[in-house]
J.: 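Quick one: this structure, given as structure tokens, is what I'll be asking you about.
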Amino acid sequence: MQTVTVLGATGSIGCNTLDVINRHPEKYRVFAISGHSQLELLMEQAQKCAPRYVVIADDANYKLACELASQYGVDAEILAGAKALEEVSSAPEVDAVMAAIVGAAGLLPTLAAVKAGKRVLLANKEALVMSGALFIEAANHSGAQILPIDSEHNAIFQCLPHDYEYGNFTASGIRKILLTGSGGPFRERPLDSFSSIAIDEACTHPNWSMGRKITIDSATMMNKGLEFIEACWLFGASASDIEVVIHPQSIIHSMVQYIDGSVIAQMGNPDMRTPIAYGLAHPERIEAGVTPLDFSDISNFSFQTPCFERYPNLKLAIDACNEGQCATTRVNASNEVAVEAFLAGKIQFCDIAKVNEATLNAMPYVSVNSIAQILEQDSLARAKANEIIRGKFQC
Ligand code: NDP
Ligand code: MG
């Protein structure tokens, strides 16, 4: 029996995680679930999975959460705030933590799980994008096992040899990692019509059902850029070891190319319950409720190279990856602000990349060696991005 904390339980990954867990009550027990704004859904989840703790991110909602808990007949203890998220991630009773809070808000609780040596099911890519070196160092120190939940990284993990030595491509005969992405909803849209992209269009992914932030990032391919950085840290790769390939059908979730000419791909229907089940059960396999892939249904299987003119955010993220930790933290922070501004109708879709570029250009590179410095760069980049939006781009 594994005891699991689900951070970001009310989100898309969180709901899918509870779905997989519910299929295997004999294997998994939920220790804590967390949510932010969807308190009623959080209480409904607590009714079903009977956790010891229910954590809400914002202290200000504590009273409301307690009232809802009694209304819903939830027995769990209600906790609130950033420290509580860290506590339920690092408690001695916990075996595994699903890190599925969106954005930089997930950094500290995810790191708490890493430092406590947990099995960390990593969906929150932003944590690694921001703190890569410190994150990996902490995992090495504590013995935490990091299992990638991002479908591409989970695929790569599955395609690597079982005895893969971190960063040593030569020893395993690996030529490169092929990181696939669908190209999002605007892969074929004429570039001169990008200024009229509506919020709803950008929030509709052709293959995956996900939270709003990552869906916009998929449309700009910033998501692939963040994943590029994530792959470097997870597998000890350098930027030249990774090639981004557009695969619009999202059936291949990524591949590893070997020096003998072999390419190993992981495939499946686009359903996050597959990597979630893999992370929960590794090294075993469990039923995940996913419709099996039927090749007679696939009429088209295609690939193309991404064009940076269409996806400037992808280039910004790859450049940041080459530059280092300070740049990756800033590009992530700026992008969170820009995506929020787009979703609030303040800027246009193509302004997202422009805001990110202007933010990065406005800030000279500094080296960051601690979480405090990373958080400082995160907040400076947010402030700069907001200033740029107010000054230049607001619709
Ligand atoms: P959602 O937006 O659906 O869910 C985000 C979760 O985080 C919700 O539980 C939300 O609570 C909570 N949350 C939001 N803001 C805060 C905050 N400030 N403090 C604490 N908790 C907060 O996102 P997804 O599930 O789509 O994504 C989660 C993570 O997984 C992201 O990092 C994403 O990049 C990654 N990922 C997601 C994939 C997917 O298929 N969805 C695929 C691969 C990676 P509430 O809803 O109650 O406000
Ligand atoms: Mg992904």
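Just so it is clear, the model here is predicted, and its values are computed rather than measured. Both counts, for ligands and for their atoms, begin at 1 and track the order of listing. Computation of the quantities below employed the complete heavy-atom set of this structure, encompassing side-chain atoms and omitting hydrogens, waters and symmetry-equivalent molecules.
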J.: Would you check if the side chain of Asp271 reaches a backbone N or O of Arg273 as a donor-acceptor pair within less than 3.5 Å?
T.: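 The answer is yes, because a donor-acceptor pair under 3.5 Å joins these two groups.
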
J.: In a check of side-chain hydrogen bond (donor to acceptor under 3.5 Å, both in side chains) between Asn356 and each of Asn332, Asn313, Asn361, which one passes?
T.: Asn313

J.: Tell me, which pairs form a salt bridge (Lys or Arg N to Asp or Glu O under 4.0 Å) where one or both residues lie in residues 51-77, sequence neighbours left out?
T.: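 Residue pairs passing salt bridge (Lys or Arg N to Asp or Glu O under 4.0 Å), neighbours aside: Arg52-Glu93.
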
J.: Over 60° means perpendicular and under 30° means parallel, so classify the ring planes of His253 and Trp208, tilted if in between.
T.: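 It falls in the tilted class, 30° to 60°.
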
J.: So which protein residues pack against ligand 1 under 4.0 Å, heavy atoms counted?
T.: Gly8, Ala9, Thr10, Gly11, Ser12, Ile13, Gly35, His36, Ser37, Gln38, Ala57, Ala100, Ile101, Val102, Ala105, Ala123, Asn124, Lys125, Glu126, Asp150, Met210, Gly211, Ile214, Met272

J.: Which residue pairs satisfy the side chain to side chain donor-acceptor pair (under 3.5 Å) criterion with at least one member in residues 301-310, sequence neighbours excluded?
T.: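 Matches after skipping sequence neighbours: Arg187-Gln304, Gln249-Ser302.
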
J.: Going through the distances and angles, do Lys83 and Glu86 end up as a salt bridge (Lys or Arg N to Asp or Glu O under 4.0 Å)?
T.: CA-CA 5 Å; Lys83 276 282 157 248; Glu86 293 186 37; 3.6 Å; yes

J.: After noting the C-alpha distance and the side-chain angles of Glu152 and Lys125, does the key distance pass the salt bridge (Lys or Arg N to Asp or Glu O under 4.0 Å) rule?
T.: CA-CA 11 Å; Glu152 296 75 5; Lys125 64 192 84 186; 5.5 Å; no

J.: Below 4.0 angstrom, N of the basic side chain to O of the carboxylate: do Lys354 and Glu357 qualify?
T.: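 Not counted as a salt bridge, because no side-chain N and carboxylate O are separated by less than 4.0 Å.
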
J.: Which protein N, O or S atoms lie under 2.8 Å from the Mg ion (ligand 2), given by chain and residue number?
T.: Asp150 OD1, Glu152 OE1, Glu227 OE2

J.: Name the residue from His153, Gln266, His282 that meets the side-chain contact (heavy atoms from CB on, under 4.5 Å) definition with Gln158.
T.: Gln266

